[in-house]
Peer 1: 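Handing you a structure now.
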Amino acid sequence: MLNTLRNRFEQGYRTTKYPKEKIELWKRYRGRPQIQDASPAGMARACAEACPQDAIDSEKRVIDMGRCVFCGECEDRSQGTFVAFTQDFEIAVSEKEHLITDGAIPDLAAHARQHFKKLFGRSLQLRQVSAAGCNACEADLNVLATPFFDLARFGINFVASPRHADGIVVTGPISRNMKTALLETYAAVPDPKVVIAVGSCTLTGGPFRGSPEITEGLDSLLPVDLFIPGCPPHPLTNLHALLTFFK
Amino acid sequence: MSTAFLEISNGVAVPRDKIPHLDFDRFRREALDIVENGGKVVHFFAYQEGDVVKLSAVLRQDHLLTAGCDAPDTYPALSSQCEPFHMFERELAEQFGISPEGHPWLKMVRYHPNYMDRVDVFGNNYDDDIPGNYDYYSVEGPEIHEVAVGPVHAGVIEPGHFRFNCIGERVLNLEIQLGYQHRGIETLIPGAAAKRLPIIIESVAGDTTVGHSLCMAQAMEALSSTQPDQGAHTIRTIALELERLQNHVGDLGALSGDVAFLPPMNYCGRMRGDFLNMSLLLCGNRFSKGLIRPGGVRFTLDDEVRTTLAQRITEITPQVKHVIELLFSTSSVRSRFENCGSVSQEDAEHLGLVGPAGRACGMAYDVRRCFPTEGYGELDIPENAEDSGDVYARAKVRADEVLQSIDLIQSLLTAPVKTECPEPEERAMAPDAFVVTLNEAWRGEVAHCVLTDAAGNLLRYKIKDPSFHNWNGLSMSLRNTGISDFPLNNKSFNLSYCGFDL
């Protein structure tokens, strides 16, 4: 008993004050990409060529955050003169075309569906469906339940049954072998329901684009309400998206 | 013992014409001989060259051995004599339509049509996309009932189907059907642009990003005769140990949660996050994505990062130690961990278990000690073998490894680390070459085998996650165990669905 109490004391209080207080992430973290206006066209082409995900359009000078895995090769190549990754983790969007950006991202709160706020603002129960990702997105959704983030204090929970859920959170590039199970889970959620796509794989196929075994974008199967980019999205990106869109 | 197989080294490329190409009967005889005398299967796969399909095997005793042969359309199964080939032969049948006759349990692995447009060995119709459509092994009797779980599970976890045959609470047999996470990685890689390879490999299994990335980088380096500097080896070693810490600490907490002892569950959950943030400190990503590339690492360990990391480790170490002490000194935890889900050493040897799951059954094998890569040659890795093979042993091995990994990282952080980050470039690879790379990731032996063709392009990229060996260990642990202990046993193995499904 004494040991249990000693441990409790040593562990202390750990829950973040976010979103009331801002959090600064470490400088090596790669959040919202910012395209630099002054960069020459040649550098833009070099970055587009270097990008393993072919996420950069050098003519339009934009980057597709849905394809991007935030590896930072383009930033390395251009020494930050064409693309620089900021530490801004608040990068979720409500429309797929908003993922294609020069660095400016529309305010999520302004685009949030107002009727969702009314319906789910005080209580949001989500069923997660893992559909052929690498389990990193799942892991960084899971940590939202740990004491630092403590998602439940906002009235948001992950639940065991789609019948108890207000929506689904999908991760992974939806393999051929998971498609039916995903669609059946969606069908089992009562209306009105929400669909949240998490991670590069779910948004566009991510690293697996081109494979005949996967789906390049959940939006080709289901109406997606919230797109959360990243590989995987930082837990704070997920937290920000859920709070801004629903609260 | 003399053998026709060629002795090779971990991470050293060999010309393919130096590898013995035997006739099938001799290949079969020699491979069985090695494995029946205590050898283990690292790889056993097929590849297509021109119109010919060939087999290749990498086995291990004290060293690595390899040989190949032309693949027959059908052949007498090796598994009928020697169990460790079981999964590999099923995979061969699924990928290349080669039928092992007399295989004790020939069923699909990942549920996809074979690469060769041959008649399906399992008689499946792949227009129907449910891998679970299959006659499961079933026990018959008036009191027997079946429990079917998945593919969508109750938590935020990956999909897989579990079929239990029970009498009352007692599980007689658990059959596991995976394949839901199949993304076609092995067929995607050879046709994809070279710049995509590190990104694809980082997503084989996100919780083993470093383990798989190291295998990929070492293979590419061996094929292109590139030598990373000492600093890069040190940073990669630190990254692999951080990955071990993240997962072991997280799982110890989850095990505690599964026996309803909540304090360590919450503490470990939070501390796991702190270890993930240490990877972010190093390379900007909590899962070390973007860190490892052929030729070295993309991020230096400058003094600011090194001292910050050392400080964070120093601060968290006593907390980790105290929580582990709390977990293992609590009698209600011990009474649930001990004698739960035991796997005997004999069964573990037959199944070829690796990593902590194998060490918990008395098999001390650890790639870091037996075939060291990166900085491990200079480090002292203890044997960590427990003998009870139960949940307690699996948890104990993991807890010991947590403390050892902390020591290893601390010892690597004492002196400045200098490295030159390599320029991303396409390196020419040796033509007609063969390399196998092994690393001890947190679940055990990860092994990649890469073959190049006459032009130096990728001919075959074979991936094996430790889960490929260990899923059957989980099934075995459930024999005669209460079904309510499934979550506890499952978490004690915590195997990868995506690493298995590829």
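Throughout, protein chains are lettered first and strands after them, A, B, ... in sequence-line order, and every chain is numbered starting at 1.
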Peer 1: Between B:His212 and A:Cys134, is any pair of side-chain heavy atoms under 4.5 Å apart?
Peer 2: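 Contact flag for B:His212/A:Cys134 side chains = no.
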Peer 1: Between chain A and each of B:Thr209, B:Ile157, B:Val204, count heavy-atom pairs under 4.5 Å; write down the option with the most.
Peer 2: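 Ranked by contacts with chain A, first place is B:Ile157.
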Peer 1: Quick check: do B:Met271 and A:Gln11 have side-chain heavy atoms less than 4.5 Å from each other?
Peer 2: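 Of all side-chain heavy-atom pairs linking A:Gln11 with B:Met271, at least one is under 4.5 Å.
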Peer 1: Of all the heavy-atom pairs spanning A:Met178 and B:Val152, show the shortest one and how long it is.
Peer 2: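 Smallest heavy-atom distance, with atoms named: CE-CG2, 4.1 Å.
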Peer 1: In terms of heavy-atom pairs under 4.5 Å, which option from A:Asn7, A:Thr171, A:Asn3 contacts chain B the most?
Peer 2: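 Result: the option with the highest number of such pairs is A:Asn7.
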Peer 1: Find out whether B:Val305 and A:Trp26 are in side-chain contact, i.e. whether some heavy atom of one side chain is under 4.5 Å from a heavy atom of the other.
Peer 2: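 Of all side-chain heavy-atom pairs linking A:Trp26 with B:Val305, at least one is under 4.5 Å.
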Peer 1: Please tell me if the side chains of B:Asn285 and A:His234 come closer than 4.5 Å, counting only heavy atoms from C-beta onward.
Peer 2: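 Not touching, per the 4.5 Å side-chain cut-off.
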Peer 1: Who wins among B:His182, B:Arg298, B:Glu158 for the most heavy-atom pairs under 4.5 Å with chain A?
Peer 2: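 Ranked by contacts with chain A, first place is B:Arg298.
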Peer 1: So what's closer than 4.5 Å to chain A heavy atoms on B:Thr308: side chain, backbone, both or neither?
Peer 2: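 For B:Thr308, no heavy atom lies under 4.5 Å from chain A.
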Peer 1: May I ask you to decide if B:Arg110's main-chain N or O and A:Asn177's side chain share a donor-acceptor pair within less than 3.5 Å?
Peer 2: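 Yes; at least one donor-acceptor contact below 3.5 Å.
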Peer 1: Sort out for me which of A:Ser130, A:Pro235, A:Gly172 touches chain B most, counting heavy-atom pairs under 4.5 Å.
Peer 2: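 If we count pairs closer than 4.5 Å to chain B, A:Ser130 comes out on top.
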Peer 1: Quick one: which of A:Glu10, A:Arg77, A:Glu138, A:Gln128 has the most heavy-atom pairs under 4.5 Å with chain B, could you say?
Peer 2: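 When all of A:Glu10, A:Arg77, A:Glu138, A:Gln128 are compared, A:Glu10 has the most.
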Peer 1: Which value, rounded to the nearest 0.5 Å, describes the distance between B:Leu281 atom CG and A:Leu25 atom CG?
Peer 2: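 Atom-to-atom, B:Leu281:CG and A:Leu25:CG are 12.0 Å apart.
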Peer 1: Do B:His112 and A:Glu213 get their side chains close enough for a donor-acceptor pair, meaning under 3.5 Å?
Peer 2: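 No, no side-chain donor-acceptor contact under 3.5 Å.
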Peer 1: Can any side-chain N or O of B:Lys195 pair as donor or acceptor with the backbone N or O of A:Cys51 at less than 3.5 Å?
Peer 2: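 Indeed, once roles are kept as given, a pair shorter than 3.5 Å links the two residues.
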Peer 1: Taking all atoms of both residues into account, what is the closest heavy-atom pair of B:Pro263 and A:Thr4, and its distance?
Peer 2: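 Nearest pair, atom of B:Pro263 first, then A:Thr4: CG-CG2, 4.2 Å.
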Peer 1: Is the CZ atom of A:Arg163 crowded by more than 12 outside heavy atoms at less than 6.0 Å?
Peer 2: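 No, the 6.0 Å shell around CZ holds no more than 12 heavy atoms from other groups.
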Peer 1: Quick check on the interface: out of A:Glu73, A:Lys179, A:Gln53, who has the most heavy-atom pairs with chain B under 4.5 Å?
Peer 2: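 Among the listed options, the one with the most contacts to chain B is A:Glu73.
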Peer 1: Counting only heavy atoms closer than 4.5 Å, note whether B:Gln246 contacts chain A via side chain, backbone, both or neither.
Peer 2: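 The answer is neither part of B:Gln246.
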Peer 1: Identify which of B:Glu325, B:Arg293, B:Glu202, B:Met265 forms the greatest number of heavy-atom pairs closer than 4.5 Å to chain A.
Peer 2: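 Of B:Glu325, B:Arg293, B:Glu202, B:Met265, B:Arg293 has the most heavy-atom pairs under 4.5 Å with chain A.
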Peer 1: Report which part of A:Cys201 has an atom under 4.5 Å of a heavy atom belonging to chain B: side chain, backbone, both, or neither.
Peer 2: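 For A:Cys201, neither part sits under 4.5 Å from chain B.
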Peer 1: Does a side-chain heavy-atom distance below 4.5 Å link A:Arg8 with B:Tyr267?
Peer 2: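 When only atoms from C-beta onward are counted, B:Tyr267 and A:Arg8 do touch, with a gap below 4.5 Å.
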Peer 1: Heavy-atom distance under 4.5 Å between the side chains of A:Arg6 and B:His322, does that happen here?
Peer 2: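 Not touching, per the 4.5 Å side-chain cut-off.
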Peer 1: Looking at B:Arg286, B:Arg272, B:Lys289, which hits salt bridge (Lys or Arg N to Asp or Glu O under 4.0 Å) with A:Asp140?
Peer 2: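 Testing A:Asp140 for a salt bridge (Lys or Arg N to Asp or Glu O under 4.0 Å) against B:Arg286, B:Arg272, B:Lys289 leaves exactly one candidate, B:Arg286.
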Peer 1: Give me the atom names and distance for the closest heavy-atom approach of B:Gly155 to A:Arg127.
Peer 2: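 In this case the closest contact between B:Gly155 and A:Arg127 is O-NH2, 3.1 Å.
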Peer 1: In terms of heavy-atom pairs under 4.5 Å with chain A, which of B:Gly290, B:Gly269, B:Ser203, B:Ser329 leads?
Peer 2: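 Max contact count across the listed options: B:Ser203.
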Peer 1: Tell me, side chain or backbone of A:Gln87 under 4.5 Å from chain B's heavy atoms, or both, or neither?
Peer 2: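 Contact with chain B involves no heavy atom of A:Gln87 at all.
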Peer 1: Counting only N and O atoms by type, is there a donor-acceptor contact under 3.5 Å from the side chain of A:Asn135 to the main-chain atoms of B:Ala205?
Peer 2: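 Such a contact is absent between A:Asn135 side chain and B:Ala205 backbone.
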Peer 1: Return the option, out of B:Cys283, B:Pro264, B:Gly273, with the maximum number of heavy-atom pairs under 4.5 Å with chain A.
Peer 2: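 Max contact count across the listed options: B:Cys283.
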Peer 1: Applying salt bridge (Lys or Arg N to Asp or Glu O under 4.0 Å) to A:Lys27 and B:Asp302, what does each step give before you reach the verdict?
Peer 2: CA-CA 13 Å; A:Lys27 61 188 175 187; B:Asp302 58 34; 5.8 Å; no
Peer 1: Is it the backbone or the side chain of B:Pro318 that comes under 4.5 Å from a heavy atom of chain A, or both, or neither?
Peer 2: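 It is both, since atoms from each part get that close.
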Peer 1: Between A:Ala145, A:Gly230, A:Cys71, A:Cys137, which has the largest tally of heavy atom pairs under 4.5 Å with chain B?
Peer 2: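 So the answer, after comparing A:Ala145, A:Gly230, A:Cys71, A:Cys137, is A:Cys71.
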Peer 1: Looking only at heavy atoms, which two atoms of A:Ala136 and B:Phe287 are closest? And how far apart?
Peer 2: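 Where A:Ala136 meets B:Phe287 most closely, the heavy atoms are O-CZ, 3.7 Å.
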Peer 1: So for A:Arg14, is it side chain, backbone, both, or neither that comes closer than 4.5 Å to the heavy atoms of chain B?
Peer 2: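 Only the side chain of A:Arg14 comes within 4.5 Å of chain B.
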Peer 1: State the CD1-OG distance between B:Ile185 and A:Ser211, to the nearest 0.5 angstrom.
Peer 2: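 B:Ile185 atom CD1 to A:Ser211 atom OG measures 8.5 Å (nearest 0.5 Å).
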Peer 1: Could you tell me whether the side chain of B:Arg270 reaches within less than 4.5 Å of the side chain of A:Val143, counting heavy atoms only?
Peer 2: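 No; the side chains remain at least 4.5 Å from each other.
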Peer 1: Given that the side chain runs from C-beta out, which part of B:Cys421 has a heavy atom under 4.5 Å from chain A: side chain, backbone, both or neither?
Peer 2: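 B:Cys421 has no heavy atom closer than 4.5 Å to chain A.
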Peer 1: Heavy-atom distances under 4.5 Å only: say whether A:Val159 touches chain B with side chain, backbone, both or neither.
Peer 2: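 It is the backbone, since no side chain atom gets that close.
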Peer 1: Can the positive tip of B:Arg183 be found less than 6.0 Å from the middle of the six-membered ring of A:Phe208, inside 45° of the ring normal?
Peer 2: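 Yes, a cation-pi geometry.
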Peer 1: Between A:Thr146 and chain B, which part of the residue has a heavy atom less than 4.5 Å away: side chain, backbone, both or neither?
Peer 2: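 It is the side chain, since no backbone atom gets that close.
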Peer 1: Would you indicate whether A:Glu49, at its atom CD, is surrounded by more than 12 heavy atoms from other residues, nucleotides or ligands within a distance under 6.0 Å?
Peer 2: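 At most 12 heavy atoms, drawn from other residues, nucleotides or ligands, come within 6.0 Å of this atom.
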Peer 1: Can you tell which part of B:Asp501 gets under 4.5 Å to a heavy atom of chain A, answering side chain, backbone, both or neither?
Peer 2: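 When you check distances to chain A, no heavy atom of B:Asp501 falls under 4.5 Å.
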Peer 1: What part of B:Leu291 gets closer than 4.5 Å to chain A, counting heavy atoms only: side chain, backbone, both or neither?
Peer 2: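 It is neither, since no heavy atom gets under 4.5 Å.
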Peer 1: Please give me the minimum heavy-atom distance between B:Pro113 and A:Arg176, naming the atom from each residue.
Peer 2: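 What the structure gives for the nearest pair is CD-NH2, 3.7 Å.
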Peer 1: Sort out for me which of B:Leu326, B:Val323, B:Ile200 touches chain A most, counting heavy-atom pairs under 4.5 Å.
Peer 2: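 It is B:Leu326.
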Peer 1: Please give me the minimum heavy-atom distance between A:Asn142 and B:Val156, naming the atom from each residue.
Peer 2: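 Looking at all heavy atoms of both residues, the shortest contact is ND2-O, 3.0 Å.
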Peer 1: What distance separates A:Ser175 OG from B:Gln181 CD, expressed to the nearest 0.5 Å?
Peer 2: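 Reported value, rounded in 0.5 Å steps: 6.5 Å.
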Peer 1: Please check if the side chain of B:Arg196 supplies one atom and the backbone of A:Pro207 the other of a donor-acceptor pair under 3.5 Å.
Peer 2: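 A pair under 3.5 Å: yes.
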Peer 1: Contact part of B:Tyr126 toward chain A, heavy-atom cut-off under 4.5 Å: side chain, backbone, both or neither?
Peer 2: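 Backbone plus side chain of B:Tyr126, per the 4.5 Å heavy-atom cut-off to chain A.
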